[in-house]
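Here the structure comes first, spelled out in C-alpha cells, and everything after it is commentary.
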Amino acid sequence: MTQEKIARINELAAKSRTQEGLNEQEQQEQAILRREYIDAMKHSLKTQLDRTVIVNSDGTRTKLAKK
C-alpha cells in the first residue's frame, strides 16, 4: 500500500464527514481502497506471525502453530 493511496483514503474519509459527502463513484473508490488496505494489513500481520518463534526455557526455538 503506497503513501498516495493512504492519503487518498484519508481524503475520502474527511470528505465523507462533511455536509457535501461522497458521490457514488467516490464511495466505490473508498470501498476498494479500504479493502486493499485491510488485505495489506492482514498479509503483513500473517508474515510477522509466520516469522515469530517461541524460545523455550531450555533454549530451543518453536515456531507458532496454526490453529
Side-chain angles (χ1 to χ4, degrees):
M1 171 98 353
T2 63
Q3 289 298 322
E4 292 81 20
K5 287 184 178 182
I6 293 172
R8 182 64 179 154
I9 290 171
N10 291 332
E11 289 173 17
L12 292 170
K15 186 176 178 184
S16 71
R17 289 189 289 264
T18 64
Q19 287 182 347
E20 181 182 332
L22 299 175
N23 62 35
E24 189 174 321
Q25 182 182 9
E26 289 171 330
Q27 288 174 349
Q28 290 174 352
E29 179 186 6
Q30 184 182 41
I32 291 168
L33 288 171
R34 282 181 173 174
R35 175 52 40 201
E36 187 177 333
Y37 179 79
I38 290 169
D39 291 343
M41 294 305 292
K42 283 182 180 180
H43 177 70
S44 174
L45 178 61
K46 183 180 179 316
T47 302
Q48 183 177 4
L49 290 174
D50 287 344
R51 293 180 180 182
T52 302
V53 294
I54 298 171
V55 179
N56 299 316
S57 58
D58 62 358
T60 60
R61 294 174 170 249
T62 307
K63 283 190 168 188
L64 290 179
K66 291 184 180 181
K67 289 189 176 189

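Counting begins at 1 with the first residue of the sequence.
- In this structure, Ile38 CD1 and Leu33 CG are separated by 11.0 Å, a value rounded to the nearest 0.5 Å.
- Not one N or O on the side chain of Ser44 forms a donor-acceptor pair closer than 3.5 Å with the backbone of Ala40.
- Under a 3.5 Å cut-off, the side chain of Asp58 and the backbone N or O of Thr60 do form a donor-acceptor pair.
- Note: the hydrophobic cluster containing Leu45 also contains Leu64 (ILVMFWY, side chain heavy atoms under 4.5 Å, direct or indirect links).
- Rounded to the nearest 0.5 Å, atoms CD (Gln25) and CD (Gln27) are 11.0 Å apart.
- Between the CD atom in Gln28 and the CG atom in Asn23 there is a gap of 9.0 Å [rounded to 0.5 Å].
- The nearest pair of heavy atoms linking Lys63 to Val53 is CG-CG1, 4.1 Å.
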Less than 3.5 Å apart, which donor and acceptor atoms pair up between the side chains of residues 5-15 and the rest of the protein, not counting sequence neighbours?
residue: Lys5; atom: NZ; partner: Glu36; partner atom: OE1; Å: 3.4
residue: Lys5; atom: NZ; partner: Glu36; partner atom: OE2; Å: 2.6
residue: Arg8; atom: NE; partner: Glu29; partner atom: OE2; Å: 3.0
residue: Arg8; atom: NH1; partner: Glu11; partner atom: OE1; Å: 3.2
residue: Arg8; atom: NH2; partner: Glu29; partner atom: OE1; Å: 3.0
residue: Asn10; atom: ND2; partner: Ile6; partner atom: O; Å: 3.3
residue: Lys15; atom: NZ; partner: Glu20; partner atom: OE2; Å: 3.2
residue: Lys15; atom: NZ; partner: Glu26; partner atom: OE1; Å: 3.0
residue: Lys15; atom: NZ; partner: Glu26; partner atom: OE2; Å: 2.7

